[in-house]
Each structure stands twice: as C-alpha cells, then as structure tokens.
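Everything below concerns the one structure shown next.
Order of the sequence lines sets the chain letters (A, B, ...), proteins ahead of strands, with each chain counted from 1. Computed from heavy atoms alone, side chains included, the values below leave out hydrogens, waters and symmetry copies.
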Amino acid sequence: MYAIVDCNSFYCSCERLFAPALYNRPVAVLSNNDGCIISRTDEAKAIGLGMGAPYFQYRQLIEQNGITIFSSNYHLYGDISRRVMDTLRSVAGNNMVEVYSVDEAFINLKEVPEKKLSSFIQELKERTEQWTGIQVSVGAAPTKVLSKVANRLAKKNKIATNCIVALNTEEEIQDALQRTPVGDIWGIGRKYAYTLKEFFAIENAWQLRQMNEEWARKNLGGVIGVRLLKELKGFSCVDMKDPLENKKMIATTRMFGKPVYELPELKEAIATYTSRAAEKLRRQYCATKYIDVFIMSRPHTQKPGDYYTESRHLHCHLPVATSDTQQMIRYAKQLIDQLYRPGLKYIKAGIILSDLVPDNSIQGNLFSPFTETRQKVLMNALDNINFSMRDDAVRYASTGVKRNWKMRQEKRSKRYTTRWEELFEVR
DNA sequence: TCTGGGGTCCTAGGACCC
DNA sequence: TCTGGGGTCCTAGGACCC
C-alpha cells in the first residue's frame with residue numbers, strides 16, 4: 001500500500017499561517033512576475049478563479065470579491081515544505097517517505113500492519129497539521145496511481161471524507177475509478193484525455209482500466225501507458241524513488257519584468273541565471289558538461305489574446321565538466337552572443353545544464369589548466385557567504401547592477417522563517 | 001501593458017560502425 | 001548491373017507532472 005499526502009492549497013496555506021485573518025477568506029498566490037494564478041483556496045475557487053489563469057484578466061473579479069493576492073514567496077514555501085516533510089518522516093520513518101513535489105509526498109505503507117493502517121494514516125494527517133499548521137489530504141491504495149485517485153476524491157469531498165480516502169477493497173477501487181474522469185488520472189494529460197474521449201469513448205478511469213496492455217502500448221505512449229494501466233489494475237510498478245538521487249538536469253529560466261531589446265541586458269540576465277544554476281549544481285556536488293542557453297521573443301505586432309512566442313536554443317559540450325560560476329558564465333555569454341538578433345522583443349531567457357557528473361570524479365583532459373582546487377575553494381566561500389547573508393551579497397559583476405529586467409513581485413509577503421530581519425512580529 | 005518555473009521519462013530518427 | 005542488416009549512440013521533441 002502507498003499513501004500520498006498532499007497539502008491543501010499549499011502556497012495559500014503558507015500565507016495564511018502568518019495572516020490568520022485570512023482563514024475562511026478567499027486567497028490566491030501568483031506565479032513569478034505576478035503573471036498568473038498558481039494557488040487558490042477553496043473560497044477563491046468558488047468565486048471562479050481558474051488555475052493558471054492570467055492575473056490581469058481577473059483583476060476585476062478579484063477586487064469585487066475581496067480576494068487577497070500574494071506574489072510567490074518561495075523562501076517561505078520551501079521552508080514550510082521542509083517542515084511538513086520532516087514531520088511525515090517522524091511518523092513514517094526516513095526511508096518510507098518520498099518527497100514528490102514541494103507539497104506532496106508518497107509514503108510507503110508496506111510495513112504498516114493492515115489493522116493499523118487507518119490509525120496510521122490518521123496520525124500522518126493529524127501530526128502534520130498540529131506541528132506545521134498546514135492542512136493535508138491523504139489518499140491510500142495498493143499502487144501510487146490509485147493513491148492519487150484516492151487523494152483526489154478526498155480533496156473533492158473534504159467534509160464527507162475528512163480529507164482521507166483509503167481504497168482497500170476491489171469494490172472501493174471500482175467505485176473510485178468510476179468517479180474519476182480520465183483527464184484527472186495521474187499520467188493522463190490534456191492530449192491523451194482528448195484522444196481517449198474522442199477516439200475511444202473512454203470517459204472515466206474504470207473504462208480505461210478495461211483496456212489491455214497492447215492497446216496501451218500503442219495508444220498511450222508505449223511503456224508508460226502499459227505501466228499506468230497496470231497500476232490502475234492494482235499491480236504496483238512505480239517504485240519509491242531513492243531520496244539521495246541527484247537531479248539529472250538543472251534549469252534556471254525566467255520571464256523578464258519588462259521586455260529586453262539590447263544584448264548587454266540579455267547578458268546580465270543570463271549571467272545571473274547562470275550563477276543561480278551553478279549554485280544549484282554545487283549544492284548537489286555536481287559539475288556539468290552540457291550548457292544550453294535559450295532566449296524567447298515575442299513579435300512586435302501582436303493582437304490581444306494572442307500569445308505566440310518564438311524561442312531559440314544553442315548549446316555546447318564542455319571539454320571538461322565544471323561547476324565554476326565564472327567559467328560557466330563565459331560559455332553562456334558566448335552562446336548568447338551567437339543567439340542574439342537585434343530588433344527583437346525578448347521576454348524570457350534561460351540556461352539548462354545537463355550531463356551532470358559528481359564533482360569529485362571529473363575527468364580532466366591534457367589541455368585543461370590546473371586551477372581546479374583554487375576555483376573550488378573560491379566557489380565554496382561564495383556559496384557560504386551568500387547562504388548565510390542576504391541573497392547575492394557577493395556576485396559577479398557581469399550579473400549587472402541596475403537589473404532592469406528583474407521580475408515583478410509586488411505583493412510578496414515576508415520571509416518570516418528564513419530571514420532574521422523579516423521575522424514575524426507579535427505585539 | 002499584462003500569460004511561471006523546474007523537472008522526468010520515453011520515442012523516433014539520424015549518424016555511424018562492422 | 002548491382003547496393004544488407006543489425007547494432008549502438010546521440011539528439012530533438014513530445015508528453016507528462018506539480
């Protein structure tokens with residue numbers, strides 16, 4: 001058996017922790033750049049605020065209904081997330097928790113005796129809520145896919161289920177699957193949902209479950225589809241992931257606060273993103289051998305409602321893996337030089353690192369200069385300073401001073417739990 | 001005026017080799 | 001005149017997730 005624990009309206013719940021007046025009131029959190037809506041409380045959903053909806057289109061609705069809006073505050077959410085996960089580990093044990101996303105974790109229940117299952121799940125929920133103040137929903141079932149089905153039903157019927165649904169028997173599973181539209185199955189996105197409905201008249205998860213593996217291989221993305229089908233049928237084939245696994249790819253990409261036209265500004269942005277990506281790289285003790293840079297532009301003549309963009313990528317393979325910010329910036333700027341076309345309206349840029357290797361096993365080559373140790377010491381010092389003091393206390397000059405392109409975040413709450421000067425005040 | 005960011009996995013198809 | 005088959009590796013791109 002697996003359980004999935006999912007925080008209810010996670011970002012909004014984090015904001016409410018430090019603004020208790022907002023309980024039972026509509027709240028929403030915006031994406032970076034205050035672009036669109038990425039978290040909503042039930043009250044905000046009831047008013048008609050859509051997930052992923054562009055903020056500017058909903059301004060009026062928001063004002064009319066007194067919905068409280070926050071810019072995203074990832075320092076805060078990241079810290080609260082860590083507390084939630086620690087709490088879950090305290091109940092289930094370190095090795096039984098797989099952090100799946102910032103607000104979700106799978107729990108392996110294989111060692112929980114059947115008789116104790118329901119009290120154990122109850123404990124997961126209650127302790128998390130008591131220790132962190134964040135409400136969660138729990139779904140439990142024989143496979144991960146089915147536990148997601150259960151979790152969705154728990155969230156859909158909060159009062160009736162007390163946010164807990166466990167699927168133990170075949171009857172319960174069948175009933176749950178019949179109440180789950182195909183598009184809401186974990187692993188079925190928009191495209192597949194459309195195909196399933198249009199071409200196979202499959203509307204819900206139960207109908208999908210009646211299909212066979214050959215059909216799934218052909219119509220549902222090959223082995224992925226086969227796996228999904230098996231999971232629906234109760235055969236577990238998506239294991240718990242090793243928590244120590246490193247990321248295979250690291251990306252730092254951002255929309256600009258306002259359009260950028262000139263190369264120097266573009267270079268500042270890319271240098272900044274590269275610094276950030278390099279930090280993430282060093283945090284997992286890795287070096288990269290592959291750097292990809294992209295820029296995204298929007299045509300000057302664009303009608304309202306039209307959201308067409310163009311992006312161009314360029315990449316390079318490094319002769320020797322590196323995690324040195326300065327060196328990475330140098331490569332990234334060369335790529336930007338080649339990508340840049342004057343006269344375009346750039347709205348976004350980014351850097352993607354892959355082909356990551358552990359930094360203690362870098363394969364040197366005959367032509368590489370022998371400065372690695374010094375660079376490593378420097379990077380270490382840089383990371384330590386930037387971690388303990390405010391962000392970017394020390395940074396490379398090429399990341400810019402004015403930073404006109406920086407994103408907008410007009411409604412961000414304080415970083416109550418991670419910055420001394422922003423601690424929550426009680427009078 | 002204004003539409004996020006960061007990941008994973010898989011497949012198809014091309015290049016290359018023997 | 002005539003021009004195979006099987007394998008590997010790599011990359012781009014699609015689909016999905018939160």
Next on the checklist: Can a side-chain donor-acceptor contact be found between A:S137 and A:N8 if the only test is distance below 3.5 angstrom?
Outcome noted: yes
Next on the checklist: At 4.0 Å (heavy atoms only), tell me whether A:K258 reaches a base, stays on the sugar-phosphate, or touches nothing.
Outcome noted: nothing
Checklist outcome for this item: Of B:dG6, C:dC17, B:dC10, the nucleotide closest to the side chain of A:K280 is B:dG6
Checklist entry - Which part of the nucleic acid, if any, lies within reach of A:D34 when heavy atoms closer than 4.0 Å are counted: base, sugar-phosphate only, or nothing? => result nothing
Next on the checklist: Quick check: A:W405 with A:Y346 (ring centres under 6.0 Å apart)?
Outcome noted: no
Next on the checklist: Using OP1 and OP2 only, check whether a side-chain N or O of A:Y307 sits under 4.0 Å from B:dG4.
Outcome noted: yes
Item to check | Selected nucleotide, minimal atom distance to A:Y290 side chain, candidates B:dG5, C:dA12, B:dT8 | outcome: C:dA12
Item to check | Sugar-phosphate only, base, or nothing, as touched by A:T252 at under 4.0 Å among non-hydrogen atoms | outcome: sugar-phosphate
Checklist entry - In terms of side-chain heavy atoms of A:Y192, which of C:dC16, B:dT3, C:dC17 is nearest? => result C:dC16
Checklist entry - Taking atom C1' in both C:dG4 and B:dC16, what distance in whole Å separates the two? => result 15 Å
Checklist entry - Can you find a side chain N or O atom of A:T253 that sits less than 4.0 Å from OP1 or OP2 on B:dG6? => result yes
Checklist entry - So, is A:R227 close to the B:dC9 phosphate, meaning a side-chain N or O under 4.0 Å from OP1 or OP2? => result no
Checklist entry - Cation over ring, A:K144 on A:F106, under 6.0 Å and within 45°? => result yes
Checklist entry - What does A:I188 touch in the nucleic acid at a heavy-atom separation under 4.0 angstrom: a base, only the sugar-phosphate, or nothing? => result sugar-phosphate
Checklist entry - Does A:H313 put a side-chain nitrogen or oxygen below 4.0 Å from OP1 or OP2 of C:dG13? => result no
Checklist entry - Okay, side chain of A:K280, backbone of A:A251: is any donor-acceptor separation there less than 3.5 Å? => result yes
Checklist entry - So, is A:R408 near the phosphate of B:dT1, with a side-chain N or O under 4.0 Å from OP1 or OP2? => result no
Checklist entry - Taking OP1 and OP2 of B:dT3, is either one under 4.0 Å from a side-chain nitrogen or oxygen of A:K348? => result no
Item to check | A:A251 side chain, from C-beta outward: closest of C:dC18, C:dA15, B:dG7 | outcome: B:dG7
Checklist entry - Under 6.0 Å between ring centres, would you say that holds for A:Y11 and A:Y77? => result yes
Checklist entry - Which part of the nucleic acid does A:N32 contact within heavy-atom distance under 4.0 Å: base, sugar-phosphate only, or nothing? => result sugar-phosphate
Checklist entry - From the list B:dG4, B:dG6, B:dC10, which nucleotide is the closest neighbour of the side chain of A:R254? => result B:dG6
Checklist entry - Base, sugar-phosphate, or nothing: which does A:V223 touch, judged by heavy atoms less than 4.0 Å apart? => result sugar-phosphate
Checklist entry - Between A:K148 and C:dC18, does any side-chain N or O lie under 4.0 Å from OP1 or OP2? => result yes
